[in-house]
Structure formats: structure tokens, C-alpha cells
Amino acid sequence: MSEVILRTDGVKMHFPVTAGIFKHQVGVVKAVDDIGVELKRNETFALVGESGSGKTTLAKAIFRLYKPTAGHIWFEGTDISGLDDLKLKPFRRQIQMVYQDPTSSLNPRKRLKEIIEEPLIVHGFRNPDQRLRRVRELLEMVELPPEFLWRYPHNLSGGQRQRVGVARALALQPKLLILDEPTSALDVSVQAKIIGLLRKLQKELGLTYLFITHDLSLVRNFADRVGVMYLGHLVEVAPAAELYTNPRHPYTRALLSTIPTVHASEQDMLPERTPLKGEIPSPAYQPSGCPFHPRCPLAMPQCIVEMPQMDAVAPAVQVRCHLYGDSV
């Protein structure tokens, strides 16, 4: 069995921009542009970057909520990027998603029993007694009491609602969970509990996580590897420990320097603070060459006209930057 559970190659998600009565296309939003990444079994791979960098769009393409404009997505050796809904159904059981907002992702008119068992019904589990047993098991997994079966989402706290979202995602015994900022809407103390629960479930069930977040302080202790995205492109991929101690790309350094610290010893572990200038450009109007060059303190004339390639610069480390183009 291959250690790689999911691989993407040249994945693009482009959305047309239209105008006028007849909706003529006048441009294109390149939300994701030529992404190649691998996820290994039982690891946590984090995607980080500013809002608008394309993290969630890439996740939705992997989940096949979107059909990629170009490129390929292999899950356990099968290319799922072009499959229709019928052929995708078996893979839907293997890849599930936990959404950012636990309030809007749960139907307020349904009790928790109905919410959690819905995937079971969709995928053909017809025996109501078996479904009820499975729902009870799932509630126990996410550390919620059995009497919660008959509650509505508005009767729960934010952390409890997110536990329900995790339980629903686990209903079909998936192998890959896409976690789209699952703690960003929660208090810090609740975030820690949800992360602890996710760690426990990963160990017990052998799960692989694709973890999307902008909270770099959270990633440091949760992820095995990290991919840094900027304007639809991966600009650096590295083991989490390596990324934090030796960030290569100027954008990664700038992101890490924004992590708030309390003690001087923590600051010593981070790169010199290099605040980002300006805002991330619109993906509909991307700069020429390297998309980061208008904000990069180390930009060279070459950066303005030529897009750098993703190059290996150290074991398990890849960087898209002209500073490292000939490192290996």
C-alpha cells in the first residue's frame, strides 16, 4: 500500500468574470493555479496563507465540490478529478469535510440524530436500528452525552456544535478529513479542546488530515507538514519544525513574523519581523512574474517578469522563489 493517500498535479480552479447583458467573459479569476501536493497516510498537512490565497478553493476542488479547470487529483491511485457524481459516490465516503462555521453548517430544523445519520441514509444504510447505534457511537467518539441526540443545534455551544460536525464527518468511516478552519469561530480554550479531540481521533482511527488555517501558532504543534499558499500558488512546502526554524520564502518569513509572542524566548525562535506591505492582490488581476514581487522586500528584476519554479532546496523542503532556483 502506497504511503501517499492523495496527490494533486497541476490543479487549477479558474472562474470566468462576465459583464454586460449578454454576460460576455471579460476576465478570469485564477483562484488556484497549478497546484501539486502530496498527502501521506495518517499525517496532518496544513495549508496556510492570507485570506484570498486559495486555500479553501483548493480544498473544495479536492473534495470535488468543484470540478477542477485543469489538472488531476489522485485518491489512493484513482484519478477522481473528472468523475461524474455517480462514479464519485464511493469516494465521497472516503473523503469528508468539517466546515469553518459550526452554526451555519448544521441544519437548525433538525435534531442532532437526524443531522449525524443523514450521510448514512444517503449512502444506503437502510436499517434504522443500525443507524441509531452508529449515531450513538459517533456521539461517544466526540465526547458528547447520548441525550444530545434529541437536541437542536441552537441548544448547543459553539464547541459542541463543532463536535457534531466532526461526528457527522466520521459517520461513513472516511480515510481523509478536510478541516476548513475548524477552530477559527471558537474561543481559545475551546479551540484547544477541539484540537485535542482531533489528535485523539486521528490516532485511534488512522485518519489523514488536510488542515486549512490562518492561525500559524496553532499549526506549529498540530501539523506534520505545512504548505504556504499565496494568490493561488504554493510557495513553500516543508515539515512544520523546519518551516518554523528555517523559513525560506520571503512570504513565509513575513507570515511567521506576525505571530504574537509574550516572552522574549518565543520571539527568538521566530524570524526577524518583516511586516507585509499592502494587501494581497485580486486573483483576477495577478501581477506579472512572481505574484509576490510587489510586496517582497527581496524582489529582483527577474521576479517582475518570470514566474519561479517549485524547487527542492533541502530534504522534504520545496520553495518557489528565484533566490533558491539553483539550490539543488
Side-chain angles (χ1 to χ4, degrees), residues 5-18 28-39 44-49 51-76 78-108 110 115-116 118-124 161-162 164-185 198 207-214 227 229 231-234 283-284:
I5 190 171
L6 183 134
R7 179 166 63 90
T8 71
D9 181 24
V11 169
K12 299 181 180 182
M13 277 305 314
H14 294 178
F15 301 95
V17 178
T18 59
V28 62
V29 174
K30 298 180 180 180
V32 171
D33 207 20
D34 194 22
I35 294 289
V37 69
E38 290 185 348
L39 271 67
T44 298
F45 185 91
L47 278 177
V48 302
S51 296
S53 60
K55 307 183 299 297
T56 296
T57 303
L58 175 61
K60 288 181 177 179
I62 290 172
F63 194 40
R64 278 303 316 274
L65 289 178
Y66 296 145
K67 183 177 181 179
T69 306
H72 300 276
I73 302 167
W74 282 275
F75 180 75
E76 295 200 312
T78 300
D79 187 353
I80 65 172
S81 51
L83 298 182
D84 59 28
D85 289 342
L86 183 61
K87 292 181 179 179
L88 267 176
K89 192 170 183 179
F91 295 97
R92 299 280 191 208
R93 296 181 61 170
Q94 303 300 318
I95 307 174
Q96 288 291 306
M97 195 164 186
V98 178
Y99 297 91
Q100 178 177 359
D101 186 352
T103 301
S104 62
S105 64
L106 303 179
N107 190 330
K110 290 187 176 182
I115 290 172
I116 297 173
E118 186 171 8
L120 300 171
I121 295 172
V122 170
H123 284 268
R161 284 194 288 266
Q162 194 59 287
V164 174
V166 172
R168 179 178 59 184
L170 293 175
L172 297 169
Q173 299 179 303
K175 297 178 180 178
L176 170 63
L177 273 192
I178 299 174
L179 307 170
D180 186 7
E181 304 211 32
T183 63
S184 64
L198 291 171
L207 297 168
T208 302
Y209 290 154
L210 175 59
F211 183 60
I212 299 165
T213 185
H214 61 269
M229 287 191 69
L231 211 58
H233 300 274
L234 272 174

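Values below: all heavy atoms of this structure, side chains included; hydrogens, waters and symmetry mates excluded.
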Check residues 88-96 and write down every donor-acceptor pair under 3.5 Å in which the side-chain atom is one partner and the other belongs to a residue at least two apart or another chain.
residue, atom, partner, partner atom, Å
Lys89, NZ, Val122, O, 3.2
Arg92, NH1, Phe63, O, 2.7
Arg92, NH2, Arg64, O, 3.4
Gln96, NE2, Arg92, O, 2.5

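Residues meeting the side chain to side chain donor-acceptor pair (under 3.5 Å) test with Asp180, sequence neighbours left out: Thr56. Judged as a side chain to side chain donor-acceptor pair (under 3.5 Å), and not counting sequence neighbours, the contacts of Ser81 are Asp79. Partners of Ser104 by side chain to side chain donor-acceptor pair (under 3.5 Å), not counting sequence neighbours, listed by chain and number: Asp101. Among residues two or more places apart in sequence or in another chain, the ring pair (Phe, Tyr, Trp, His ring centres under 6.0 Å) test is passed with Tyr209 by none. Partners of His14 under the ring pair (Phe, Tyr, Trp, His ring centres under 6.0 Å) rule, at least two apart in sequence or in another chain, do not exist in this structure.
With values rounded to the nearest 0.5 angstrom, Thr183 atom OG1 is found 9.0 Å from Gln100 atom CD. The distance from the OH atom of Tyr99 to the CD1 atom of Ile212 is 11.0 Å, given to the nearest 0.5 Å. Taken from CG in Leu47 to CZ in Phe211, the straight-line distance is 10.5 Å, to the nearest 0.5 Å. Taken to the nearest 0.5 Å, the NZ atom of Lys12 stands 11.0 Å off from the CD1 atom of Ile35. Atom OG1 in Thr8 sits 9.0 Å away from atom CH2 in Trp74 (nearest 0.5 Å). The distance from the OG1 atom of Thr44 to the CG atom of Leu210 is 9.5 Å, given to the nearest 0.5 Å.
Considering only heavy atoms from C-beta on, Met13 stays 4.5 Å or farther from Lys60 through its side chain.
The shortest non-hydrogen separation linking Phe15 to Ala31 is CE1-CB, 3.8 Å. Minimum interatomic distance between Gln162 and Pro182 (heavy atoms only, all atoms of both residues): NE2-O, 2.7 Å. Here the closest heavy-atom approach between residue Val32 and residue Val11 is recorded as CG1-O, 3.5 Å. Scanning both residues, Leu207 and Leu177, for their nearest heavy atoms gives CD1-CD1, 4.2 Å. Of all non-hydrogen atoms in Ile115 and Lys110, the two that sit nearest each other are CD1-O, 3.7 Å. Shortest non-hydrogen contact noted between Ala61 and Ile73 is O-CD1, 3.3 Å.
Formation of a donor-acceptor pair under 3.5 Å by the Lys55 side chain with backbone atoms of Met229 is not found in this model. Of the possible polar contacts, none joining the His233 side chain to the Asp34 backbone as a donor-acceptor pair under 3.5 Å is found.
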> Given Arg168 and Leu106, is the side chain to side chain contact (heavy atoms under 4.5 Å, CB included) satisfied, shown in steps?
Replying inline: CA-CA 10 Å; Arg168 179 178 59 184; Leu106 303 179; 3.8 Å; yes
> Do Arg161 and Thr103 pass the side chain to side chain contact (heavy atoms under 4.5 Å, CB included) test, and can you show the C-alpha distance, the side-chain angles, and the key distance before you say yes or no?
Replying inline: CA-CA 7 Å; Arg161 284 194 288 266; Thr103 301; 3.2 Å; yes
>> Please evaluate residues Val37 and Leu234 with respect to the criterion side chain to side chain contact (heavy atoms under 4.5 Å, CB included), reporting the C-alpha separation (whole Å), side-chain torsions for both, the decisive distance (0.1 Å), and the verdict.
In response: CA-CA 9 Å; Val37 69; Leu234 272 174; 4.1 Å; yes
>> Run the side chain to side chain contact (heavy atoms under 4.5 Å, CB included) test on His214 and Glu181 for me, step by step, so that the C-alpha distance in whole Å, both residues' side-chain angles and the decisive distance to 0.1 Å come before the verdict.
In response: CA-CA 8 Å; His214 61 269; Glu181 304 211 32; 2.7 Å; yes
